[in-house]
Asker: 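Got a structure for you, written out below as structure tokens; questions coming shortly.
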2 protein chains.
Amino acid sequence: MDARERLIESTRELLWERGYVGTSPKAIQRRAGAGQGSMYHHFHGKPDLALAAITRSAEELRDRAEAAFTGPGGAAERVAAYLRRERDALKGCPVGRLTQDPDVMADPGLRRPVEETFAWLTGRLAGLLAQGRAAGELDARLDPAATAAALVAMVQGGYVLARAAGDPEAYARAVEGALALLTRTSERN
Amino acid sequence: MDARERLIESTRELLWERGYVGTSPKAIQRRAGAGQGSMYHHFHGKPDLALAAITRSAEELRDRAEAAFTGPGGAAERVAAYLRRERDALKGCPVGRLTQDPDVMADPGLRRPVEETFAWLTGRLAGLLAQGRAAGELDARLDPAATAAALVAMVQGGYVLARAAGDPEAYARAVEGALALLTRTSERN
DNA sequence: GTCTATAGGTCGATAGAC
DNA sequence: GTCTATCGACCTATAGAC
């Protein structure tokens, strides 16, 4: 792995752990094992490097979600698989946490990948829910878009609960609560 | 409002807007209209002042929630009233955002009020849901604790969606999706 | 490509005058 | 109580040698 690559990966880790405001170029360089000169040779500055890191994290989130969404089973099962997927709940969401970073949200370039990621995720999930509804797996009265928004929100908030409690189980509890809300009707039909 | 009070309120605002890492003593003093000497006379330092601010924000959250929980109507209606309560969705949750702050979570004293707030909120909501279930307002198959966790998570995640989209409507959509999931069964019985 | 040197600014805190 | 002066460390970035 060359220096440029190590710098991007180190930035991804630090943005995840400490956010944009809490991450200094010096800390990135230390973790990447690269000097000042190396970093400023490959990137224009902190925002430029952060953009590369955020873009990659957004792509990774999308790829992981898509893998669950195109997995085996019906639409409802694939939604459940996505929600139950193994996650490091105490670390939180590498993209969602950026919404709390004032300097990221104030920079249109840094903000765009965050905005697009959640728009895509919610839309993709809504499509799956609509599919599950058409197949009779889900309650026909549910609005796919609103339900998708609620589920994405529960995932993001599940991280908050896990971190607040210092216990990954808090995330699992929220997800199981959400799935029970979503699927109980089908068990009745 | 004396200097001490202005310092606490300014810190509350800045913690809300920029988080702990993004808030400097100098910025607090500027907003409070107080000097260095004044701040360090009333508080031992940044962590001490932050503790006063966080404690107050946690109390306020609790008071506001309790007001909705003890409002008119059945248990299910009071839960809905809490979720639909007017919120500045783009600003996010003043307590929940602290879970993303590494320096807050690393300090047991600063972390405790955050942890206790979410434990209280989830427990209080679970009690209300159990009450609604006993009254036949909610599906008897729902586990109150898991459902409460899902709802609290949905609120926290709703803020994330609103900030990501730059639109408070994203919060409202998630809430309506969650309420539809919660209450649709009762409409059938 | 990567190094060191340097810059002006801020961070969080302390000291002592008033 | 509040002010100013001062501190060592770190922040983000530029310059120029190698």
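Below, chain A is the first sequence line, B the second, and so on; all start at residue 1.
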Asker: Kindly indicate whether a cation-pi arrangement holds for K91(B) with Y159(B), taking the cut-offs as under 6.0 Å to the six-membered ring centre and within 45° of the axis.
Answerer: no
Asker: Rounding to an integer number of Å, can you tell me how far M39(A) CE sits from dT14(D) P?
Answerer: 10 Å
Asker: Does dG1(C) have its OP1 or OP2 closer than 4.0 Å to a side-chain nitrogen or oxygen of H41(A)?
Answerer: yes
Asker: Is the phosphate of dC11(D), meaning OP1 or OP2, less than 4.0 Å from a side-chain N or O of S24(A)?
Answerer: yes
Asker: Between P on dG1(C) and CD on Q29(A), what's the gap in Å once rounded to a whole number?
Answerer: 18 Å
Asker: Can you tell me if the side-chain N/O atoms of K26(A) get under 4.0 Å from OP1 or OP2 in dC10(D)?
Answerer: no
Asker: Rounded off to whole Å, could you give me the CZ-to-C1' distance for the R4(A) and dT2(C) pair?
Answerer: 16 Å
Asker: Between dA13(D), dA5(D), dC11(C), which one does the side chain of Q36(B) approach most closely?
Answerer: dA5(D)
Asker: How many Å lie between CG on L49(B) and P on dC11(C), as a whole number?
Answerer: 15 Å
Asker: If you only use heavy atoms from C-beta on, which nucleotide in dA13(D), dA5(D), dC3(C) is closest to the side chain of P47(A)?
Answerer: dA13(D)
Asker: Can you see if the side chain of H42(B) gets near the phosphate of dT2(D) - specifically, an N or O under 4.0 Å from OP1 or OP2?
Answerer: yes
Asker: L14(A) CG to dT12(D) P: how many Å, rounded?
Answerer: 12 Å
Asker: Salt bridge or not for R4(B) and D2(B), using N-O below 4.0 Å?
Answerer: no
Asker: Can you tell me the distance, in whole Å, between the CG atom of D48(B) and the P atom of dA13(C)?
Answerer: 10 Å
Asker: If you measure from the Lys or Arg side-chain nitrogens to the Asp or Glu carboxylate oxygens, is any gap between E9(B) and R31(B) under 4.0 Å?
Answerer: no
Asker: Tell me, which pairs form a ring-ring contact (aromatic ring centres under 6.0 Å, His included) where one or both residues lie in residues 46-103 of chain A, sequence neighbours left out?
Answerer: F69(A)-Y82(A)
Asker: How many whole angstroms separate atom OH of Y40(B) from atom C1' of dT6(D)?
Answerer: 14 Å
Asker: Considering only NZ, NE, NH1 and NH2 on the basic side and carboxylate oxygens on the acidic side, decide whether D103(B) and R18(A) come within less than 4.0 Å.
Answerer: yes
Asker: Please report the distance, rounded to the nearest Å, between CD1 in I28(B) and P in dT10(C).
Answerer: 16 Å
